[in-house]
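Below is one structure, written out as structure tokens, with a few remarks after it.
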Amino acid sequence: MVKKTHFERLVIAAYRLPFKLSKTKKGYKAVQNSGGLVSAILALSENFRTSNKNLKNSKIVWAGIANDLPDDVTPDSFENDNFDILPVTIPARVNDLYYGGFCNDLIWPLFHYFPSYAVFNNDYFKAYEEANLKFCEELVKTIKPGDFIWIHDYQLMLLPEMIRKKLPDATIGFFLHIPFPSFEIFRLLPRHWRESLIKGMLGADLIGFHTHDYTQNFIKSVKRTTGFECHQNIIYTPDKIVKADAFPIGIDYDKFHDAYLKKSVIDETLKLKSHLSNQKLIFSVDRLDYSKGLLLKLQGYETFLETYPQWRSKVVFNMVVVPSRDNIGKYKEMKKEIESTVGRINGQYSSIAWRPIIYQYKSLDFNELIALYNISDVGLITPLRDGMNLVAKEYIACQVENEGVLILSEMAGAAAELNEALIINPVDNIEMAEAIFNALEMKPKEKHRRLERMQNRISNYNVFTWAFDFFNQAYDTKEQQKVQNIKLINKTISSQMVLAYRKADRRILFLDYDGTLVPFAKYPELAIVGKDTLKIIRKLSDDPKNQVVIISGRDKQFLERQFVGVNVSLVAEHGYYIKNGIENWKATINTDEQWKEAVLPIMNEYVSRCYGTSIEEKTGSIVWHYRNADLEFAQLRLHELRDDLAEIIHYKTDLEIIEGHKILEVKSGKYDKGQAANALIMNQNFGFIFAVGDDKTDEFLFNSLPHSAYTIRVGLSPSFAKYNVKDIPVLFKLLEELPN
Ligand code: GDG
């Protein structure tokens, strides 16, 4: 899977450094932190060194927060074999508002679907910006051309755009380790914050999530927040295309799968077994957090003990809770409640010889963790929400000697891949109790069959496949951007165009109106041509060698009003009417308007069925506008409307449906902008033909003009046009350059 990955340095940016410093007699020593990302990148650095020819000499630089360092700490204190550390320091007060506030009091609860826990505070956002900026400043000092910059998680969502502004050509990937919530949750953020977060992430070339669902949620939020066009999982920002995709993080499978052979693990396993007598073991390990559903897990286990008394004294539940943030009120209370529930259940069901729950509030060392994965009969992983949950995957990888059963919450990202686990809803204590019973009673053959499938999957898509898949897709996206950049008008192309313009004795310029000369407005009547734009057009149209044609879907009257006193030709209603210079309007075809009687009632029905939509009636067409509607809902209605109209079109064969920017239009007769333009250039000898537009209807124009024409699409969408310009201001610059 190495393919295109060939960087010399992988630059990681994550809130937490992979090490903390511990004081020794000689000074300070870097001690590895635990956690999913650290293990993944550590495994990757080992893989670069030992098994990857392309990356043998690649370095990993890791930028993370290193606050409150003692004065005697030097950069050497961080020295280690795997990474070059780039410490980022921010004032403690800012860090509290940034990390404790915006990240953990707002984004964490919101993105884990606990909106009532979310705290909205303007100072939090300011601190979030400040901290991201600090990361950016430190990173741009060190980033070199050719580096792969990989930004991780919800603490750094503004960073991709910040780096992009300083280093436009950098290769930047962003990965979110927690869920990306549905738009209904995301939109709870103040408008400015959510726009900043989305645009911040879109600074990357590639944005990764654990699951397809999170990716779709993100794309919907992009559409709703920015209005950028998205096709499947490609987002067309004004600057470049960005890809969003699912990359379910994997584990270092072999390390977990083969760990049972290690002497230290064997010793630990024997020790644990000696305490268990013949009881079956249920095991769980979670950080103390409300997203983990710890109390509900206890309730599920209690229901199991109640419902299946035959299992009492034959089973033990070892519940490990890893300490976290327990100096904060909410966490402190949660811990108390867990402990009192454990006490109550143990109090109710214990006998002299048996305690149903062994509760531990601590972190385990690696050998102990593996031994517990290894000997337990059931892994009980039941978060209320979890980006992925690596414990579930590690548990599966460790089922070698004593094959166990995984019970997994459907709310964990891991459930998308581990669907042979017993999947449960964590709030349903009856379902959880049944699953525990079924797991304990499951036949070895069935356990083996389920495990085999899951093990195959996670050993194939392991942490290395995950990382290289991400790198390769990022390089693919870069390639796609290059293809587009070739089409983007650069200095050379614009100079050629200016030269061709000047050489020609007769020229014709077709300019679309909405989205090309005038940005879209909330209501069509508000999209009025600006003074500066008129100046540019006048300059072009006053040249006797030029014929300037405004070519639009708008009606005759509107166009006339916009260009009073300007020497332009007008094409209205997508080519239905042409006004050639000072001549009168001419219709290009003859149709009656009877067809409208069949179409109008259907369109009206859709105005009632989709709030915010409206109808515009023109001579040759009827338009359904949905710019001001809920776009997702309107998309649904759009499909239905198309289906309803298809029935009419079936027997009225001269009717046509066209779709443009947030509109669906039904027109009668075979005319389009391409035919209108050809009527204007027919039998004439133009040495320079120029056409610009931004919409699907302009594609007819681009497609039908002679090959020598300079055709340009505004925006980055794929097009028949020869070139793209990123936005209207770039087009105006070009139009200004032509006559000078
Ligand atoms: C984020 C997302 C996503 C846990 N307790 C002990 C211990 N661990 C190790 C496990 C595992 C890791 O920590 C925890 O896995 P998570 O999946 O919860 O990872 P986080 O980094 O906390 O969370 C999560 C993840 O990122 C990766 O993208 O899956 O959804 O919230 O590796 O083994 N390790 C040891 N002792 C413990 O007591 N040694």
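Nothing here was measured: the structure is a model prediction, and the numbers come from that model. Atoms considered below: every heavy atom in the structure, side chains included; atoms not considered: hydrogens, waters and symmetry mates. FYI, the numbering just counts along the sequence from 1. Atoms within a ligand are numbered from 1 in the order they appear, just like the ligands themselves.
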_Minimum side-chain heavy-atom gap Y154-L176 below 4.5 Å_ = yes

*Any atoms of ligand 1 less than 4.0 Å from a non-hydrogen atom of K292? List them with their elements.*
18 (O)

*asked:* Using modelled atom types and a 3.5 Å cut-off, is there a donor and acceptor pairing between side-chain atoms of K297 and backbone atoms of L380?
replied: yes

*Any N or O of N389 that comes nearer than 3.5 Å to an N or O of ligand 1?*
yes

_Atoms of ligand 1 close to V322 [distance to a heavy atom under 4.0 angstrom, numbered from 1]_ = 5 (N), 38 (O)

*May I ask you to check if ligand 1 and L390 share an N or O to N or O distance below 3.5 Å?*
yes

_Under 3.5 Å between any N/O of G387 and any N/O of ligand 1: does that happen in this structure?_
yes

*Polar side-chain atom of R385 near backbone of H112 as donor-acceptor pair, under 3.5 Å*: no

*Would you confirm whether N318, through its side chain, and I358, through its main-chain N or O, come within 3.5 Å as a donor-acceptor pair?*
yes

*What atoms of ligand 1 come within less than 4.0 Å of a heavy atom belonging to L369?*
33 (O), 34 (N), 35 (C)

*For K336, look at atom NZ and say whether over 12 heavy atoms of other residues, nucleotides or ligands are found less than 6.0 Å away.*
no

_N/O separation below 3.5 Å, H210 to ligand 1_ = yes

*Which of the atoms of ligand 1 are close to E394, meaning less than 4.0 Å from one of its heavy atoms?*
10 (C), 11 (C), 32 (O), 33 (O)

*Cation over ring, R287 on W108, under 6.0 Å and within 45°?*
yes

*Heavy-atom contacts with M388 under 4.0 Å: which atoms of ligand 1 show up? List them by number with element.*
3 (C), 24 (C), 29 (O), 30 (O)

*Examine I249 against ligand 1 and note whether any of their N/O atoms are separated by less than 3.5 Å.*
no

*Taking only heavy atoms of V285, which atoms of ligand 1 are found under 4.0 Å from at least one of them?*
5 (N)

Tell me which donor-acceptor pairs under 3.5 Å the side chains of residues 365-373 have, and how far apart each pair is, sequence neighbours excluded?
residue	atom	partner	partner atom	Å
D365	OD1	N367	N	3.0
D365	OD1	E368	N	3.0
N367	OD1	S264	OG	3.4
E368	OE2	K362	NZ	3.4
Y373	OH	E394	OE1	2.6

*Does D252 use its side chain to pair, donor to acceptor, with the backbone of A43 at less than 3.5 Å?*
no

*Relative to the heavy atoms of D386, which atoms of ligand 1 are at a distance of less than 4.0 Å?*
24 (C), 30 (O), 31 (O)

_Polar atom proximity, H112 to ligand 1 (N or O, under 3.5 Å)_ = no

*Counting each atom of ligand 1 from 1 as listed, which ones have a heavy atom of S363 under 4.0 Å away?*
38 (O)

*Has the side chain of K292 got a donor or acceptor atom that lies under 3.5 Å from a matching backbone atom of I381?*
no

